[in-house]
Structure formats: structure tokens, C-alpha cells
**Student:** 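Just passing along the structure, written as C-alpha cells.
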Amino acid sequence: MKEINVELKNKKILVTGAAGFVGANLVKELLKSFSPIHIVGIDNLNDYYDVSIKEYRLKELEKLSASCSESTWRFVKGSIADKGLIDSLFESEHFDAVVNLAAQAGVRYSITNPDVYIEANIIGFYNILEACRHHPVEHLVYASSSSVYGSNKKVPYSTEDKVDNPVSLYAATKKSNELFAHAYSKLYNIPTTGLRFFTVYGPAGRPDMAYFSFTNKLIKGETIDIFNYGNCKRDFTYVDDIVEGVKRILQSAPVKKNGDDGLPIPPYAVYNIGNSSPENLLDFVDTLSRELVRAKVLPEDFDFEAHRRLVPMQAGDVPVTFADTSDLERDFGFKPSTSLEKGLRAFAEWYSEFYK
């Protein structure tokens, strides 16, 4: 197991994308786990999906931080693509570590709206790297994605695999983040760790994700499309497992050391965080259906068969995602393990409460 070498108590952490699904859950976990800790969150609160969910997450954080008397939480509304804002934040706050979760997400949306991906995922990440260069931090952790594996045929996906075949612009931006981070780690000795997340789900998640959008459509009596005729498999990973992985990795920066030439060996790492048990999309829909009935989101006599349609694969999609997490287990003694039933039950109960 890696030695934990970034003590988070009394440290100041920047979390970008702090009103987002993973970001808000991470801030919550850090406030609960470390006292005192000082967290600054930034998010542009864009309307890619229902802003009321982002506002709900922020309200939950306000409530929690009010009960953490020794710690501080401050939210800044703004974009990481705003170089002046990022530079001034780093200048005034003197961050010890950064978790970059701000990004334009979504594979299909990147086909119709490429500009926002370049702005948030390329320019925004460059601004973060430049700020870490000029105001050195102990560790920069950033979200990559399982989508970098693209059309790889070998499963499970290992971080040792070549990832040179992105099938969407979103995937290409995430791969570029890893390349940028490697260059900055090499040139400026910045410890960076990239995390390839696998299909994150859970309460207060993103409405564009399948489990959420399916639910929204079913309660309106609409038909849901199941791609690749139901033959897609996804490594669904519960948000608490993702957050636990991020928390552990944040505390363990890649070690700075020099090579035989006297120059820095890049203090750079990449890990998969996934459940390592891909679920067939049809089985996933069956489980979701059961939990929605159980939580009384849908009536017991709801006819699911009449509300689903098997359709071909969409552009930018891949038939399977499957994480090899052996290096995560080796270095951090951690493996995501929340069952799909337990995770979807938590989502269904939250959905019932939030929308009632």
C-alpha cells in the first residue's frame, strides 16, 4: 500500500466542479472526515442539466459546514476557463492540494456542442495546471474517464493499455488531460494523479445519465431507448465508492524523485475507479424498475415492457466498460463494492423524496 503523505487536516483544498455530482459528495466526505479542513469550491452552475439539483447539493453542503465549527467551506461561482479568476484564487488562497472535477460531461452532447468541451476540459484544465505551476501544490488530482479506452477490445480495461482510439470528443479531451498532466509533472515536478471514473451513479446524480433519464421518462409514461439492443454492459460505480477512492488517493501524492540523468521523473499516476462487475443494460433496467416501484416512484402495476424499446448503438458509445482496479487495490487497499441493487435503491429513495 502507498504511504499516505499528504495530511489533509489543517490543509486548504480547492475542489473544482464543487456543485457537481462527484464534487459535492467529495466536499461532504472531506468535511466529515477531517477537522479542521478548509475547502474552497468553484463551479459555474451551467444549465447543461437542471440547476436546481446543483443548488440542492450546495444547500446540503452549507448545512453540513455549519455543523463543522473548526472547518471552513466557501463557494465561488465561476468558470475554470476564466484564467484571471483562477490565478487570483491561487494567489490569495495558497492551496495545499487541488481536485479538478470541473468538466463538461457527456459523450453524446460532445457531438452536438463541441465548443463547451474545449473551453471547460482543455482551456479550463490548462488554467489549473498553470496555476499549480506558479503556486505549487502538494498534489493535483483530476477526473479522467473510462471513455479514454474508446474502441479497445481487451477487457477488463487496464491503465497499462494503450488509449489512442477515442470515439468521442469528450473522450479525446479527457485523454488530453492525462497528457497535459504528464507534461507538467515532468517539466515542473507537479505531483498529479488522474482518475478514470466508470459510470458514476447515485442519489442527486446527473439527470443525463441513463438511470436518471430513464426514471424521468418512465414517470411521464414515455418510452425509454435501450441502446445496442440491450447488449451494452456498463461498470456502474456508486458515487460513495468513487469519493472514497478520491479521498484516499488525494492523501497519497506520487513521490518526487530524480532519474539517472538528474532530471525529475514525472510524479505522475493514473488509476481506474470502477466496480469491476459490468452489468448488462437490460438487467440494470430490471433492477431500476424494481427499486422505483419499491420507493413508490412508480405504481406496482406499471407495464415496463410497454415502455422500453431496443435500438441500435449510438455514435460515440462503446459496447462495454469494465475496470481493472488491481493497482488501486495494491496501492490503497481499496476496491469499490456497492451492489447495483443497493445503489439504485438509494437513488430511488432520494428521487421519491426530492421530487415529491
Side-chain angles (χ1 to χ4, degrees), residues 11-32 36-68 71-106 109-110 113 115-132 134-135 137 140-143 170 173-174 177 197 200 202-209 212 239 242-243 246 250 354:
K11 292 296 172 76
K12 185 170 278 190
I13 315 293
L14 173 66
V15 178
T16 75
F21 183 29
V22 177
N25 279 283
L26 176 66
V27 173
K28 195 183 292 183
E29 180 61 24
L30 293 177
L31 285 170
K32 286 177 178 174
I37 190 169
H38 307 287
I39 305 173
V40 176
I42 184 171
D43 199 296
N44 66 359
L45 297 177
N46 69 24
D47 61 0
Y48 168 63
Y49 63 79
D50 185 359
V51 178
S52 72
I53 295 176
K54 300 178 184 183
E55 290 167 344
Y56 162 82
R57 296 179 190 133
L58 289 175
K59 279 181 192 150
E60 293 289 297
L61 290 178
E62 285 298 328
K63 278 192 267 184
L64 176 62
S65 69
S67 67
C68 301
S71 298
T72 59
W73 154 248
R74 181 166 83 89
F75 177 70
V76 177
K77 184 179 178 184
S79 169
I80 60 168
D82 180 343
K83 187 169 177 56
L85 173 61
I86 293 302
D87 288 347
S88 68
L89 264 181
F90 274 76
E91 182 79 42
S92 62
E93 297 288 354
H94 309 291
F95 297 114
D96 298 294
V98 177
V99 186
N100 186 64
L101 300 170
Q104 179 57 57
Y109 192 70
S110 70
N113 299 270
D115 291 8
V116 290
Y117 288 79
I118 301 304
E119 182 182 319
N121 302 8
I122 304 292
I123 296 169
F125 189 58
Y126 160 75
N127 288 342
I128 294 292
L129 285 167
E130 275 289 288
C132 291
H134 294 293
H135 308 277
V137 297
L140 166 61
V141 175
Y142 62 95
Y170 171 68
T173 64
K174 287 301 188 178
N177 286 177
F197 296 156
V200 192
R206 278 177 28 216
D208 62 317
M209 296 296 282
F212 207 135
V239 65
I242 293 282
V243 164
V246 177
L250 179 59
F354 184 76

**Student:** I need the full list of salt bridge (Lys or Arg N to Asp or Glu O under 4.0 Å) pairs touching residues 37-49, with sequence neighbours left out, sorted by first then second residue.
**Tutor:** none
**Student:** Testing the basics here: between Ile80 and Ala120, what is the closest heavy-atom pair and its distance to 0.1 Å?
**Tutor:** CD1-O, 3.7 Å
**Student:** Nearest 0.5 Å, please: how far is CD1 in Ile128 from CD1 in Ile123?
**Tutor:** 13.0 Å
**Student:** For Ser79, what residues pass the side chain to side chain contact (heavy atoms under 4.5 Å, CB included) criterion, not counting sequence neighbours?
**Tutor:**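 Asn44, Ala81, Glu119.
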**Student:** Looking at CD1 of Ile122 and CG of Asn177, how far apart are the two atoms once the value is rounded to the nearest 0.5 Å?
**Tutor:** 6.0 Å
**Student:** What is the minimum heavy-atom distance between Gly23 and Leu101, and which atoms define it?
**Tutor:**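 Heavy-atom minimum between the residues: CA-CD1, 3.5 Å.
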**Student:** Could you check whether any side-chain heavy atom of Val116 comes within less than 4.5 Å of a side-chain heavy atom of Tyr109, counting everything from C-beta outward?
**Tutor:**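 In contact.
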**Student:** According to side-chain hydrogen bond (donor to acceptor under 3.5 Å, both in side chains), who are the partners of Asn100, at least two apart in sequence or on a separate chain?
**Tutor:**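 Asn100: side-chain hydrogen bond (donor to acceptor under 3.5 Å, both in side chains) contacts with Thr16.
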**Student:** For the residue pair Phe197 and Val246, establish whether any side-chain heavy-atom pair is separated by less than 4.5 Å.
**Tutor:**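 In contact.
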**Student:** Can you tell me how far NZ of Lys12 sits from CD of Glu93, rounded to the nearest 0.5 angstrom?
**Tutor:**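 That separation rounds to 4.0 Å.
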**Student:** Got a donor-acceptor contact below 3.5 angstrom from the Tyr117 side chain to the Ser110 backbone?
**Tutor:** yes
**Student:** If every non-hydrogen atom of Tyr170 is compared with every non-hydrogen atom of Gly106, which pair is closest and at what distance?
**Tutor:** CB-O, 3.7 Å
**Student:** Give the minimum heavy-atom separation between Leu61 and Lys28, together with the two atoms involved.
**Tutor:** CD2-N, 3.7 Å
**Student:** How long is the straight-line distance from CG of Asn113 back to CD1 of Ile118, given to the nearest 0.5 Å?
**Tutor:**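 Atom-to-atom, Ile118:CD1 and Asn113:CG are 12.5 Å apart.
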**Student:** If we only count heavy atoms from C-beta on, is the Leu58 to Leu45 side-chain gap below 4.5 Å?
**Tutor:**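 Side-chain contact under 4.5 Å: yes.
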**Student:** Parallel, tilted or perpendicular, judged at 30° and 60°: which one describes the rings of Tyr56 and Phe354?
**Tutor:**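 Tyr56 and Phe354: perpendicular rings.
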**Student:** Are any of the side-chain heavy atoms of Val239 and Val200 separated by less than 4.5 Å?
**Tutor:**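 In contact.
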**Student:** If you look at every heavy atom in Ser71 and Leu31, which pair is closest and at what distance?
**Tutor:**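 Minimum heavy-atom separation between Ser71 and Leu31: CB-CD2, 4.0 Å.
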**Student:** I want to check something: taking the side chain as every heavy atom from C-beta on, are Val27 and Phe75 in contact at a cut-off of under 4.5 Å?
**Tutor:** no
**Student:** Looking at every heavy atom in both Gly41 and Ala18, which two are closest together, and how far apart are they?
**Tutor:** CA-CB, 3.6 Å
**Student:** Report yes or no: does Asn121 contribute a side-chain atom to a donor-acceptor pair with the main-chain N or O of Ala103 at less than 3.5 Å?
**Tutor:** no
**Student:** Got a list of side-chain donor-acceptor pairs under 3.5 Å for residues 83-91, not counting sequence neighbours?
**Tutor:**
unit_1, atom_1, unit_2, atom_2, d
Ser88, OG, Gly84, O, 3.3
Ser88, OG, Leu85, O, 2.9

**Student:** Heavy atoms, side chains only, cut-off 4.5 Å: are His135 and Phe95 in contact?
**Tutor:**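 No, every pair of side-chain atoms sits at 4.5 Å or beyond.
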**Student:** To the nearest 0.5 Å, tell me how far Lys11 NZ sits from Ile37 CD1.
**Tutor:**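 Rounded to the nearest 0.5 Å, the NZ-CD1 separation comes to 10.0 Å.
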**Student:** What distance separates Cys132 SG from His134 NE2, expressed to the nearest 0.5 Å?
**Tutor:** 10.5 Å
**Student:** Under the 3.5 angstrom rule, does the side chain of Lys174 hit a backbone N or O of Ala143 as a donor-acceptor pair?
**Tutor:** yes
**Student:** Not counting sequence neighbours, which residues clear ring pair (Phe, Tyr, Trp, His ring centres under 6.0 Å) with Tyr49? List them please.
**Tutor:**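 By the ring pair (Phe, Tyr, Trp, His ring centres under 6.0 Å) rule, Tyr49 matches no residue at all.
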**Student:** Enumerate the salt bridge (Lys or Arg N to Asp or Glu O under 4.0 Å) contacts for residues 49-67, please, sequence neighbours excluded, ordered by first and then second residue.
**Tutor:**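 Non-adjacent pairs meeting salt bridge (Lys or Arg N to Asp or Glu O under 4.0 Å): Glu60-Lys63.
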